[in-house]
2 protein chains.
Amino acid sequence: MHVTLKTIAEEAGVSITTVSRALAGYGDVNEQTRRRIIEIAERLGYQPNLAARHLRSKRTYTIGMVIPRTAHYSDPFFMELVAGVGKQASEHGYDLLLSAQMQGEEELSAYRRMVAGGRVDGMIVARVLWQDPRIAYLRQVYHPFVAFGRTEDPAHPYIDVDGAEGMYQLVAHLVEYGHERIALIQSPRELAFTADRCGGYRRGLEAFDLPYREEYVIQGNLTRHSGRLAAEKLLALPTPPSAIIACNDLMALGASEAVHARGLRVGRDVAIAGFDDIPEATTATPPLTTVRQPIYGIGHRLVDMLVRLMQHEEVDNTQVLLQPELVIRASSGTPPTR
Amino acid sequence: MHVTLKTIAEEAGVSITTVSRALAGYGDVNEQTRRRIIEIAERLGYQPNLAARHLRSKRTYTIGMVIPRTAHYSDPFFMELVAGVGKQASEHGYDLLLSAQMQGEEELSAYRRMVAGGRVDGMIVARVLWQDPRIAYLRQVYHPFVAFGRTEDPAHPYIDVDGAEGMYQLVAHLVEYGHERIALIQSPRELAFTADRCGGYRRGLEAFDLPYREEYVIQGNLTRHSGRLAAEKLLALPTPPSAIIACNDLMALGASEAVHARGLRVGRDVAIAGFDDIPEATTATPPLTTVRQPIYGIGHRLVDMLVRLMQHEEVDNTQVLLQPELVIRASSGTPPTR
DNA sequence: TTGTAGGCGTTATCAG
DNA sequence: CTGATAACGCCTACAA
């Protein structure tokens, strides 16, 4: 059977109340009694029942996060984020409650279970949508959360990376390397960062007087496979692009496969660039030029901000926009010789 | 405020009991009443308080897992395992409670919090130690768990990969490719799989009449960095090995770095092989020869078994030993020409 | 078919 | 300094 306060109380010959207070470290317990109680508690391996404690105190010391339940593969973006969030949560004395759900209704009901079910003190929301129902929900019930990503609605707490700027830099970089036909493999429109990143792409083209061509912009769904399909279409065009930017690294890696498969060489015949800088970007062949989002570190900052919000501390800035860092590797080719 | 059964009861003009039964789908509630109650519950967005429910029912529908809290980097082995476990847990209607802790005392107390604190119905134990205090604890309190890895004690439920066989195959493979000086970068002795894998290495050497040399066996700690250090030592020997096997992929990748740094070429001048087949093994340059542990799939199976144990169903086999699969890639060189 | 009452283990209030 | 007592929200005999 489980050791409860009652067990200890009986063993020590005092009331449950006294045991509770002794263990909680209240000052109004006789030093003798306290020591005896603590000794017994340790001997019996007492462990407070957290469900009971939560029921009373409304604090769970748990952070919730819902990640997409994909068919078979683990998404490195989310895994890095989970690692960063988990590490920092633990640093603050919090555990992490993870639920893998299909996007859509299921996901939202997982939010409800966690939040309204009182299982977590706060939520981390990743991969924000344009009109994000999860954020709408959390705002409606006034539950603490921080999002990785912003939307138009200016009021919610977020940390984000300036995708427009990142994309602009990517275009500038490719132009500098001599490219004029730069294609884009786009992320799904419903994602908040899509408009941001695509905007940066367009502004990049304009800034260098390059035309925006409909046929150079293809829709992907963030998976490696969709990147490959998109690149195949691009390469089959009458006038194929000489450079391909993908809205995330996974699609960029898929695009590299398509280039290979056509017997062309990445970085020489076709330049490829991505966005995120997942670990594999470094080790891919050739290594991938990309825009770095320090995902692991962002996980830390998300938790730091969330912890303050949960504890109702002052947070000076709840809208953090990080400047991206262009990471040039071999997949975008070699510098122009002049 | 939170919507409780009481809120609904008042709204519907019935007792809490009736609401509870109506929502739980009991048969003994008037159809009229039930419909009215359900309608109100939905309108008010009722969500059962899970702490209260757990307190009563002792079921949490949560699986616990403690992962090492390393300084800065995410360990791909654990991340893959988390992905597999999380996915399958969700498939069975369970959430995953993650706690990142330093190994040792902290880790054990996280187990206690989860288990004795009643937060989880079962635990997944990864990276089993020789005399594993976590397993000792779980057995002592009769709490359901499944381990990824076995120990001498035959009675606990586990899924494992036959490391001895894997290592043997690795040695055989390298011998076939013409190597006679095969070194080993060993994992920490306290890990259960170390004896297993090292045993396979020794038996491999014996089988091919190769001497076991003390100086060819170096201790690592599973990190990339330790693999690099170990390989540097090996390569600085008067008679350096021509092939290096590491007990995990991360150390093997570190060893590759050391080879590079010395101006040698992996797969040509020195053969390298690892164990695990983490995603990066495929994309590394050159790709890494290794022994495949299907970590993601093992995560699935761990959960499947655990779910049956938690629900006290019959499990025909609670000790599963999987046969490993040798994955030959470029890091071990090219086949001997004859 | 519905309601009353008790308890899960904890913490907080209020007397003694 | 200590102990009753109530309450958190839910479930379930048992009674009506």
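Atoms considered below: every heavy atom in the structure, side chains included; atoms not considered: hydrogens, waters and symmetry mates. Order of the sequence lines sets the chain letters (A, B, ...), proteins ahead of strands, with each chain counted from 1.
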Can you work out whether B:D28 or A:L50 has the more 5'-proximal nearest nucleotide on DNA chain C? B:D28
Assign each of B:L55 and B:E31 to its nearest nucleotide of DNA chain C by heavy atoms, then name whichever residue's nucleotide is nearer the 5' end. B:E31
Which is true for [X] with a 4.0 Å heavy-atom rule: it touches a base, it touches only sugar-phosphate, or it touches nothing?
X	value
B:S20	base
B:L5	sugar-phosphate
A:K6	nothing
A:N30	sugar-phosphate

Counting the benzene-type ring for Trp, do A:F193 and A:F148 have ring centres under 6.0 Å apart? no
Compute the centroid of each ring, for A:Y137 and then for A:Y111, and state whether the two points are separated by less than 6.0 Å. no
Would you list the protein and nucleotides 5-7 of chain D atom pairs, both N or O, that sit under 3.5 Å from each other?
residue : atom : partner : partner atom : Å
D:dA7   : N3   : A:R56   : NH1          : 2.7

Output yes when at least one side-chain N/O atom of [X] is less than 4.0 Å from OP1 or OP2 of [N], else no.
X	N	answer
A:Y26	C:dA12	yes
A:Y46	C:dT10	yes
B:R53	D:dC11	yes
B:K58	D:dC11	no

Using the test side-chain hydrogen bond (donor to acceptor under 3.5 Å, both in side chains), find all partners of A:N30 that sit at least two apart in sequence or belong to another chain. none
Flag the pair B:R35 and B:E39 as a salt bridge only when some basic side-chain nitrogen lies within less than 4.0 angstrom of an acidic carboxylate oxygen. no
For the helix from C:dT1-D:dA16 to C:dG16-D:dC1, what is the angle between the axes at its two ends, each from 5 pairs, rounded to 10°? 50°
Would you kindly give the CG-to-C1' distance between B:N49 and D:dC10, to the nearest whole Å? 8 Å
Rounded to whole Å, CD1 of A:I37 lies from P of D:dT2 at a distance of 8 Å
Whether B:H156 side chain and B:I135 backbone form a donor-acceptor pair below 3.5 Å: no
Could you tell me whether a side-chain N or O of A:D121 sits under 3.5 Å from a main-chain N or O of A:T60, the two making a donor and an acceptor? yes
Apply the test salt bridge (charged side-chain N to carboxylate O under 4.0 Å, His left out) to residues B:D95 and A:R119: give CA-CA distance (whole Å), side-chain angles for both, the deciding distance (0.1 Å), then the verdict. CA-CA 11 Å; B:D95 289 331; A:R119 296 197 74 182; 3.4 Å; yes
